[in-house]
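In what follows, residues are counted from 1 in the order of the sequence shown. Atom set for the values below is all heavy atoms of this structure, side chains included, hydrogens, waters and symmetry mates excluded.
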Amino acid sequence: MDYGLQALKLVLGLLILTLTLRLLGKQNMAQMTPYDLVYIIVFGGILDSIFYDDKIGIFPFIFSALVWSISIYVIETLVKKFHIFRVFFRGTPDHIVETGKINLKLFDKNNIEFEQLRIVLREKGIFSLREVKDIYLEPDGQFSIIKYSNHKLEPNSSINLEKAEVTPNFLLIDEGEIELSVLKYIGKSEEWLKNEMNILGINDITTVVYCEWSDTNGFYYKTYNDCINQKRKGNIN
């Protein structure tokens, strides 16, 4: 192995990568999309394959790295100037919850599970879907959430506003399926859940796409009829 040549390749590769990232700008790096990750990974693959091949000299190495970097820069310039390129390479946000209505088609398109969404909400300090008015899934995979104002809550909610102390919230029905392990954990039975849902006017559990419960706020649920684009049926786990 020609260690001098490899060292020179490594330094030049680092410089070219740094230059490319500088050209893209800090704001671009803060909003990386899956496409951004692809071209960075491919660039790393180019460096890796050339770095370990002594037969490839320094000039072919520079040529390959520069062509790839220039291609990225041209694409990014087109993305900034033309909407059609921006949509193709960057994508657009998906409005997965619209004014409290769940868009099941977009949930399916993005392989989102309700428990996954609940984790995201908890990370943002939101412990019930009843608090959420709109959710956007951004092109970079982040969730943007708009809450209802404090004085307005979603329907299909048996919330008791007189209780002050908040208790944990549990997902009891996930896309028509009862979460038996969760019921066991909270010390409730399947019969209890069915009776409570009957009181709320739900006679068929399979019509419920989402149902959460807490001792503080009671039940909050969504049926398939409450959703947009009712294509997804059953838990995708």
What's in the same ILVMFWY side-chain cluster as Tyr136, cut-off under 4.5 Å, chained through other members?
Ile146
Suppose we screen for side chain to side chain donor-acceptor pair (under 3.5 Å). Which residues come up paired with Lys124, at least two apart in sequence or across chains?
none
Quick one: closest heavy-atom pair of Arg130 and Gly218, and the distance?
NH2-O, 3.7 Å
Are Glu115 and Arg122 within salt-bridge range, i.e. N to O under 4.0 Å?
yes
Can you see which heavy atom on Cys227 is nearest to which on Val209, and at what distance?
SG-CG1, 3.5 Å
Minimal heavy-atom distance between Asp134 and Thr99, with the atoms involved, is OD1-N, 3.1 Å
Are Leu200 and Glu196 close enough, and set up right, to give a side-chain contact (heavy atoms from CB on, under 4.5 Å), and what steps lead you there?
CA-CA 7 Å; Leu200 295 173; Glu196 292 293 325; 5.7 Å; no
Using a 3.5 Å distance criterion without hydrogens, assess whether the side chain of Lys133 forms a donor-acceptor pair with backbone atoms of Val97.
no
Output the distance between atom OH (Tyr220) and atom SG (Cys211), rounded to the nearest 0.5 Å.
10.5 Å
Contact check, side chains of Ile228 and Ile102, non-hydrogen atoms, under 4.5 Å:
no
Is there side-chain contact between Phe127 and Leu121, with at least one heavy-atom pair below 4.5 Å?
no
Within the distance-only criterion (no hydrogens, no angle test), does the side chain of Asp204 pair as donor or acceptor with the backbone N or O of Thr206 below 3.5 angstrom?
yes
Polar side chain donor-acceptor pair, Arg118 to Asn169, under 3.5 angstrom:
yes
Testing the basics here: between Phe114 and Leu104, what is the closest heavy-atom pair and its distance to 0.1 Å?
CZ-CD2, 4.4 Å
Is there a donor in the side chain of His95 and an acceptor in the side chain of Asn103, or the other way round, less than 3.5 Å apart?
no
With a 4.5 Å cut-off on side-chain heavy-atom distances among I, L, V, M, F, W and Y, is there a chain of contacts connecting Phe82 to Val74?
yes
Side-chain ion pair, Asp226 and Lys101, N-O less than 4.0 Å
no
Within the 6.0 Å centroid threshold, strictly below: Tyr185 and Trp213
no
Non-hydrogen atoms of Tyr224 and Gly176 that approach each other most closely:
OH-N, 4.3 Å
Among Phe170, Trp192, Tyr210, which residue satisfies the ring-ring contact (aromatic ring centres under 6.0 Å, His included) criterion with Phe219?
Trp192
How long is the straight-line distance from CD1 of Ile145 back to CG of Leu129, given to the nearest 0.5 Å?
9.5 Å
Here the gap from Leu183 atom CG to Leu180 atom CG, rounded to the nearest 0.5 Å, amounts to 6.0 Å
Does Phe88 share a hydrophobic cluster with Ile84, counting links as ILVMFWY side-chain heavy atoms below 4.5 Å and allowing steps through other members?
yes
Does the side chain of Leu172 reach to within under 4.5 Å of the side chain of Glu179, using non-hydrogen atoms?
no
Under a single-linkage definition using a 4.5 Å side-chain heavy-atom cutoff for Ile, Leu, Val, Met, Phe, Trp and Tyr, are Phe85 and Val87 assigned to the same hydrophobic cluster?
no
Quick one: does Lys194's side chain get under 4.5 Å of Glu191's, heavy atoms only?
no
Over all heavy atoms of both residues, which pair between Glu138 and Ser144 is shortest? Give the atoms and the distance, please.
OE2-OG, 2.7 Å
Scan side-chain atoms only and decide if Thr223 and Asn225 contain a donor-acceptor pair under the 3.5 Å cut-off.
no
Side-chain cluster (under 4.5 Å, hydrophobic types only) that Val67 belongs to, other residues
Phe63
How long is the straight-line distance from CD1 of Ile135 back to CG of Asp94, given to the nearest 0.5 Å?
12.5 Å
Can a donor-acceptor pair be found, under 3.5 Å and without considering hydrogens, that links the side chain of Asn110 to the backbone of Leu106?
yes
